[in-house]
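Presented below is the structure to which this report refers.
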Amino acid sequence: MLDKTYDPKAFESELYAEWEASGVFGASVDGNAQPFTAMMPPPNVTGSLHMGHALNMTLQDVLARWHRRRGHDALWQPGTDHAGIATQMVVERQLAREGTDRWSVGREAFIDRVWAWKAESGGRITGQLRRLGATPDWSRERFTMDEGLSRAVVKVFVDLYKQGLIYRDKRLVNWDPALQTAISDLEVEQKEVKGKLWHLRYPLTDDPDRFVTVATTRPETMLGDTGVAVHPDDDRYRDLIGKTVRLPIVGREIPIVADAYADPEQGSGAVKITPAHDFNDFEVGKRQGLATINILTPQARINDNAPEPYRGLDRYEARNKVVEAFDALGMVERIDDHVHMVPYGDRGGVPIEPFLTDQWYCDAETLAKPAIEAVESGKTRFAPKSWENTYFEWMRTIQPWCISRQLWWGHQIPAWYGPDGTVFVECSAQEAQAAAKAHYGTDAEVALVHDPDVLDTWFSSALWPFSTLGWPDEVPEVGRYYPGDVLVTAFDIIFFWVARMMMMGLHFMGEVPFRTVYIHALVRDENGQKMSKSKGNVIDPLELIETYGADALRFTLVSMAAQGRDIKLSTQRVEGYRNFATKLWNATRYCEMNDCVPRPDFDPSTVRHRINRWIVGEVVETAAKVDAGLEHYRFNEAAAALYQFAWNTFCDWYLEFTKPILSGGDTTVAEETRATTAWALSQLISLLNPLMPFVTEALWESLAPGEADRLIGRRWPDLAGLTVDPDARDEMGWVVRLITEIRAMRSEMNVPAGASIAAFLKDPALSTVERLDRHRPLIMRLARLETVAPLVGEVPVGSAQDVLDEATLVLPLAGVIDLDRERARLSREIGKWDAEIGKLDKKLANRQFLAKAPADVVEAQRERRAQFETSRDRLKEALARITPAA
RNA sequence: GGGCGUGUAGCUCAGCGGGAGAGCACUGCCUUCACACGGCAGGGGUCACUGGUUCAAUCCCAGUCACGCCCACCA
């Protein structure tokens with residue numbers, strides 16, 4: 001017996017444990033079933049479940065459960081990402097609290113600390129996924145720093161290096177002075193900052209009374225200036241080209257060069273060039289043969305290349321001091337307020353510095369070509385398709401990918417340097433040693449230094465679709481589950497992750513990593529801001545689960561999965577779907593109380609009673625909508641179909657229709673109805689199971705207590721052999737409209753809810769009379785009638801009247817009804833019909849419409865007009881009957 | 001500066017060439033033997049604006065306005 005109230009906390013966790021213990025989540029690997037593969041985007045091992053995860057994981061879980069129940073060999077591959085910077089920061093903060101830092105601890109001990117932290121806290125998010133009801137194949141859970149995955153990373157690096165697709169280069173990188181590492185372009189975010197624009201004067205070397213004025217937002221970088229550029233066609237400066245200025249403070253003599261980079265419209269038209277600290281200036285410097293002078297330390301303090309008084313100063317302290325010095329010299333022309341974009345590191349949270357360093361780069365341009373073609377040719381499709389534009393736009397202008405990071409936590413780059421700097425890139429230290437011996441022609445051990453840097457976290461993530469399967473080992477999983485079917489993710493990691501998986505997958509596997517990329521909405525906070533740990537605006541889905549249950553949260557997310565980019569989650573909506581679960585719970589209790597339990601030999605195609613034939617058809621249509629919705633990633637349509645069927649069709653109408661039958665005298669019909677009710681409910685619960693796995697499982701248990709199988713492992717309903725009975729559908733539709741109409745009239749006339757009244761149909765067709773006879777008891781019950789019959793004789797005085805198809809509905813309400821109001825009401829109704837008919841007449845008189853519109857549309861309009869006219873005329877008659885002769 | 005998206009009932013959002021929808025909120029009635037986390041009935045919208053295409057436009061196209069996001073090296 002079900003408990004009287006629905007309490008998700010009473011069974012959700014317990015059910016999950018039972019599912020997991022039963023092993024149903026596991027992929028079978030061998031066997032004949034068609035494989036289905038979805039790669040879980042690995043959450044950061046530091047992470048905890050946020051709303052974005054909840055949405056992402058729910059959608060994948062719905063797909064995994066659906067495929068599994070359809071008999072597919074579903075692999076939903078779970079795991080976590082080592083999240084280099086984020087994780088290292090967590091442990092570094094711990095060290096800071098202990099009054100130490102990673103340099104004092106040392107690299108090896110530090111990495112041990114991180115592993116220890118991971119062992120202790122790294123499992124939190126997977127526990128939260130279980131709470132959400134996610135059912136990936138936990139037995140195959142991977143971590144990007146696992147031994148196997150690390151081997152894949154090393155092999156990919158070495159192969160790409162030997163193919164010339166990974167190389168070492170000295171160039172400007174985005175340097176994060178807080179984290180003291182290079183980061184990629186994608187990890188830089190531009191922020192609008194209110195700053196100043198300083199106009200500084202640089203005196204000409206050979207004519208110190210003449211100045212060139214340059215404008216800059218970063219005066220401190222002048223310490224590294226090695227030139228001033230003007231546009232070659234700029235008449236103001238033409239005579240200065242080739243001359244030099246003497247840099248104030250520094251005293252360095254630097255040339256004035258002509259370069260098209262200088263924009264005559266900007267500032268003074270002359271621009272200072274700091275090749276070591278600006279990406280544009282670096283290019284200008286290369287073109288013009290200017291020196292490159294680095295004036296910053298890795299912490300963004302001024303280094304010894306600058307004059308003594310500035311050394312060791314923070315970049316912003318140095319800025320003030322430089323401006324003061326210029327001011328003292330009378331070399332500040334003016335200072336403007338200036339709003340401009342400043343690049344910030346997305347993790348470190350401080351402005352990045354363009355910084356000249358040696359780094360490892362991946363030739364993304366070459367790898368991108370096949371990845372672009374794969375989407376162009378449709379081998380991989382984005383859903384919605386519009387995201388392909390975003391993908392193409394980025395891939396077609398892709399820059400070299402800086403893959404080295406000056407961190408300790410991550411995959412250490414498999415490169416070793418010989419005494420003379422020769423680099424050996426090999427899969428292991430032993431192989432590097434062998435290569436070095438061969439290179440140097442010696443048998444003696446060569447002193448090699450392992451490159452201290454680690455790889456960008458996304459480098460290993462890029463291999464996820466095949467490294468998790470066991471690659472580079474030759475294992476059956478690789479052939480069976482690659483390429484995957486679908487990647488479900490949010491748009492914000494199309495560049496970071498999707499694009500890179502495409503590149504690596506195509507290069508190493510020769511095949512796309514997934515056929516479909518389903519991009520869902522990004523869950524934002526109430527201000528439309530992207531949720532992030534650093535902003536502290538993360539909503540905790542676990543709290544919602546605690547209050548409303550995992551099913552309510554899941555159903556909410558699935559229902560909202562069709563909307564645009566933003567999801568602003570409303571608690572009220574979650575509450576509404578909790579109520580839906582309660583409704584299901586109570587409906588099942590009702591069935592239980594009425595002995596509506598599944599009959600093993602029940603065949604829905606053989607039911608005879610129209611009510612039952614109707615509900616069978618409704619189930620069939622609902623199932624089709626659910627399948628279509630899931631097939632095309634229109635999750636919300638599947639959810640809406642189930643919600644409507646469950647609440648409106650099944651509970652509000654079918655269960656009410658059948659109450660008189662269950663308590664009636666015809667035991668054959670009652671038995672068929674009990675069986676049909678149980679069948680319809682069990683189909684509903686079964687179809688709803690992927691979306692609301694917990695409550696449906698609990699209800700299933702009560703519906704079919706003898707069943708050995710849990711719902712999670714049962715075959716998905718296949719109703720292909722069942723058809724919709726159109727007669728039953730029309731007939732029950734009519735009954736619904738009749739009851740609704742009577743209720744509306746009662747309500748409008750203020751008939752007391754408990755009062756039984758009579759209802760008559762004037763001029764009904766024979767088929768209508770038959771329908772009435774077939775369903776009289778339930779119509780009487782649901783409309784609260786003492787009698788309902790065709791009208792014999794005249795319409796009683798003081799009747800409320802309305803139209804229902806070809807008949808007029810008559811409710812004798814003498815004494816209750818206000819005839820003046822009733823006349824006004826009928827006139828209003830007639831007016832509405834007249835207006836509709838007028839519109840249709842206009843349309844049907846339009847020759848263009850008749851000539852060009854499809855015949856079926858024209859016909860449909862004619863039919864509508866005829867129906868409207870019947871209704872209007874019935875109402876006119878009704879009005880005439882209660883209007884005194886003039 | 002480029003690109004993308006969104007503007008539909010009070011709120012959150014579906015729909016997207018031929019009859020304006022849902023949930024919540026709101027109003028009235030109802031504690032009827034599954035459910036008040038409920039039932040029944042109801043009010044509420046020139047589908048942002050302006051043009052165009054079409055026999056027909058909330059839906060397609062162009063432009064305008066508003067909001068949001070992504071990308072971009074402008075001193």
Side-chain angles (χ1 to χ4, degrees), chain A residues 2 4-6 185 190 197-199 214-218 229 261-263 265-274 278-283 338 340-341 343 354 386-387 389-390 393-394 397 491-492 494-495 522 524 528-530 548 552 556 559-560 562-573 575-594 636-637 640 643-644 651-652 655-656 659 663 739-740 743-748 750-754 781-784 836 839-840 843 846-854 856-858 860-861 864 868:
Chain A
L2 283 175
K4 190 151 172 24
T5 53
Y6 163 64
D185 297 345
Q190 304 288 337
L197 189 59
W198 285 270
H199 298 257
V214 296
T216 180
T217 56
R218 302 205 51 196
Y261 166 68
D263 181 353
E265 306 294 318
Q266 287 287 332
S268 63
V271 58
K272 63 192 272 306
I273 301 298
T274 322
D278 183 282
F279 289 100
N280 288 310
D281 293 5
F282 186 74
E283 296 303 317
H338 187 65
H340 61 127
M341 301 298 267
S386 58
W387 289 110
N389 293 332
T390 306
E393 184 193 328
W394 189 68
T397 58
F491 74 87
D492 59 334
I494 289 178
F495 304 148
L522 197 66
R524 296 177 186 277
Q529 293 289 305
K530 186 172 165 176
Y548 300 108
T556 306
S559 297
M560 302 202 308
Q563 64 187 51
R565 293 180 179 187
D566 296 12
I567 283 185
K568 281 182 255 169
L569 197 69
S570 138
T571 305
Q572 277 188 335
R573 195 137 173 195
E575 187 180 336
Y577 290 126
R578 188 277 317 269
N579 296 351
F580 177 53
T582 305
K583 187 76 179 176
L584 290 169
W585 188 269
N586 285 313
T588 307
R589 277 181 63 223
Y590 165 84
C591 291
E592 201 173 51
M593 291 171 187
N594 286 281
N636 60 312
E637 291 182 10
Y643 186 91
Q644 273 170 23
C651 289
D652 287 349
L655 292 185
E656 297 303 329
K659 279 175 184 173
S663 58
I739 293 167
T740 303
R743 284 169 170 171
M745 289 171 75
R746 290 177 60 118
S747 179
E748 180 150 6
N750 295 314
V751 176
R781 179 190 170 102
L782 297 185
R784 286 267 172 154
E836 290 298 317
K839 275 197 270 184
L840 287 170
K843 201 180 233 182
N846 184 338
R847 282 202 192 137
Q848 298 282 4
F849 173 68
L850 296 176
K852 296 191 178 173
D856 58 324
V857 170
V858 175
Q861 302 296 334
R864 276 186 73 206
F868 288 5

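Quick note on labels: first sequence line is chain A, next is B, and so on, each numbered from 1.
When distances are taken from the side chain of A/Asn280 to each of B/G18, B/G19, B/C73, the shortest belongs to B/C73. For A/Tyr643, the side-chain atoms get nearest to B/G23 when compared with the rest of B/C30, B/G2, B/G23. Distances from the side chain of A/Ala587 to the nucleotides B/C71, B/G23, B/A34 place B/A34 closest. Here B/C13 is the nucleotide among B/C13, B/G3, B/C55 with the atom lying nearest to any side-chain atom of A/Arg573. When distances are taken from the side chain of A/Gln861 to each of B/U12, B/G19, B/C73, the shortest belongs to B/G19.
A/Arg847 comes within 4.0 angstrom of nothing in the nucleic acid, heavy atoms only. A/Cys651 comes within 4.0 angstrom of a base, heavy atoms only. Nucleic acid contact for A/Pro854: base, since at least one base atom lies under 4.0 Å from a heavy atom of the residue. Across all strands, A/His338 comes closer than 4.0 Å only to sugar-phosphate atoms, never to a base (heavy-atom distances). Contacts of A/Ala851 with the nucleic acid, taken as non-hydrogen atoms under 4.0 Å apart, are absent. Contacts of A/Thr216 with the nucleic acid, taken as non-hydrogen atoms under 4.0 Å apart, involve only primed sugar atoms and P, OP1 or OP2.
Taking the C1' atoms as reference points, B/G51 lies 23 Å from B/G45, given to the whole Å. Distance check on atom C1': B/A72 versus B/G18 gives 45 Å, rounded to whole Å. Remark: the separation of the C1' atoms in B/A20 and B/G15 is 10 Å, to the nearest Å. Across the P atoms, B/G2 and B/U12 are found 31 Å apart, a figure rounded to whole Å. For the C1' atom pair drawn from B/A62 and B/G68, the interatomic distance equals 22 Å after rounding to whole Å. Nucleotides B/U53 and B/G21, compared at atom P, are 30 Å apart to the nearest Å. Rounded to whole Å, the C1' atom of B/A9 lies 23 Å from the corresponding atom of B/G5. Between B/C24 and B/G38, the two P atoms lie 8 Å apart (nearest whole Å).
Atoms CD (A/Gln572) and C1' (B/C24) sit 5 Å apart, rounded to a whole Å. At whole-Å resolution of the value, CG in A/Asn636 and P in B/C13 are 14 Å apart. As a whole-Å value, the separation of A/Met560 CE from B/G23 P is 16 Å. Rounded to whole angstrom, the span from the CD atom of A/Gln190 across to the C1' atom of B/C73 amounts to 9 Å. Protein atom CG of A/Asp263 is 12 Å distant from nucleotide atom C1' of B/C73, rounded to whole Å.
Side chains of A/Val271 and A/Gln266 form no contact here, defined as non-hydrogen atoms less than 4.5 Å apart. Residues A/Leu655 and A/Tyr590 meet the side-chain proximity criterion, which asks for heavy atoms closer than 4.5 Å.
Contact record, A/Lys272 with A/Asp281: O-OD2, 3.4 Å, taken as the closest heavy-atom pair. Across all their heavy atoms, A/Tyr6 and A/Arg578 have their closest contact at CE2-O, 4.1 Å. Considering every non-hydrogen atom in both A/Ala587 and A/Cys651, the closest pair reads CB-SG, 3.7 Å. Nearest approach of A/Arg573 to A/Ser559, heavy atoms of both residues: NH2-CB, 3.9 Å.
For the pair A/Leu197 and A/Leu569, nearest-nucleotide mapping onto RNA chain B gives the more 5' position to A/Leu569. Of the two residues contacting RNA chain B, namely A/Phe849 and A/Tyr590, the nearest-nucleotide position lying further toward the 5' end is that of A/Tyr590.
Here A/Tyr577 and A/Tyr643 bring their ring centres to under 6.0 angstrom of each other.
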> Can you give one letter per nucleotide of nucleotides 35-40 of chain B, going 5' to 3': B for a protein heavy atom under 4.0 Å from the base, S for sugar-phosphate only, - for none?
Replying inline: B-BSSS
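Using a 30° and 60° split on the angle between ring planes, A/Phe491 and A/Trp387 fall in the parallel class, below 30°.
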>> salt bridge (Lys or Arg N to Asp or Glu O under 4.0 Å) for A/Glu836 and A/Lys839? Distances and angles first, verdict last.
In response: CA-CA 5 Å; A/Glu836 290 298 317; A/Lys839 275 197 270 184; 3.7 Å; yes
>> Both atom distances under 3.5 Å, Watson-Crick or G-U wobble: I'd like the secondary structure of RNA chain B as a dot-bracket string, with | for pairs made across strands.
In response: ((((((((.[[[[.)..(..]]]].(((((.......))))).....[[[[[..)....]]]]])))))))....
